[in-house]
Amino acid sequence: MDEELEANVPDFKPLTAEEARKLRERHPPVSPWRIVAGQAAVGVVVALAAWLVTGQARMGWSAAWGAWAVVFPAAVFARGITRRNVALRPGAVAAGFLGWEFVKIGLTVLLLAVSPRLVPDLSWLALIAGMVLAMKAYWIALLARPGSRTTDELRSKGAEG
């Protein structure tokens, strides 16, 4: 069975330096700070929308706190993974990434745990809406990055129409 699978897999060929450079140009990395900024912007919009739609300041503050419970831990995570890492061993990098991910989750849980004490007349529904929409901003940043197929297609359609 394994021999059948291996027979269908083409031979692996490593990229040349030029091919790797072109691949990096076509698919540039997305800065984690850009994602955090996008999440913060979405959080502000959601908080203002919640306040304006309901006419209740508590809904805006609850949505803002939900977004903050995503943005602040994400910013700490981004700082942790982007700081100069002396040990560039893959295992150390992976362990650092995992460690900062646990810090991010812990901060999120802590912020949610203290929310009833810090946000007057908290609306859990608005808080969750703020969290979910701020988290979804991550996907918008990935789709809107330069070099992505979606962005290039939209630009070309805009130029034609």
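The shown structure was predicted, so the numbers you read here are calculated from the model rather than taken from an experiment.
Between Phe97 and Phe77, the ring-plane angle classifies as perpendicular under the 30° and 60° cut-offs.
Listed here is the closest heavy atom pair of Gln39 and Met135: NE2-CA, 4.0 Å. Among all heavy-atom pairs drawn from Arg58 and Ser123, the shortest one is NH1-CB, 3.6 Å. Of all heavy-atom pairs between Trp100 and Arg83, the closest is NE1-NH2, 3.9 Å. The two residues Gly130 and Val46 come nearest to each other via the heavy atoms CA-CG1, 4.0 Å. Here the closest non-hydrogen pair linking Val36 and Ala78 is CG2-CB, 4.3 Å. Looking at every heavy atom in both residues, Ala63 comes nearest to Ala50 through CB-CB, 4.1 Å.
Criterion: ILVMFWY side-chain heavy atoms under 4.5 Å apart, direct or through other members. Under it, Met59 and Val44 are not part of a common hydrophobic cluster. In the hydrophobic cluster analysis, where Ile, Leu, Val, Met, Phe, Trp and Tyr join through side-chain heavy atoms closer than 4.5 angstrom, Leu110 is grouped together with Leu122. Under the 4.5 Å side-chain heavy-atom criterion for grouping Ile, Leu, Val, Met, Phe, Trp and Tyr, Trp124 is connected to Met131 within one hydrophobic cluster. When the side chains of ILVMFWY residues are joined at heavy-atom separations under 4.5 Å, either directly or via intervening members, Val71 and Val119 end up in two distinct hydrophobic clusters.
Under the rule for a side chain to side chain contact (heavy atoms under 4.5 Å, CB included), the partners of Leu111 that lie at least two apart in sequence or sit in another chain are Trp65, Trp68, Ala69, Phe72, Pro73. Under the side chain to side chain donor-acceptor pair (under 3.5 Å) criterion, Arg21 pairs with Glu18, Glu25, sequence neighbours left out.
A donor-acceptor distance shorter than 3.5 angstrom exists from the side chain of Ser115 to the backbone of Leu112, with no hydrogens or angles considered.
A distance of 12.5 Å separates CH2 of Trp61 from CG of Leu118, quoted to the nearest 0.5 Å. Within the model, atoms CG of Leu127 and OG of Ser62 stand 6.5 Å from one another, a figure rounded to the nearest 0.5 Å. The structure places CG of Leu23 at 10.5 Å from OG1 of Thr16, a figure rounded to the nearest 0.5 Å.
Put simply, the side chain of Thr108 does not reach to within 4.5 Å of the side chain of Val70, judged on heavy atoms.
Around CG of Leu125, the count of heavy atoms belonging to other residues, nucleotides or ligands within 6.0 Å does not exceed 12.
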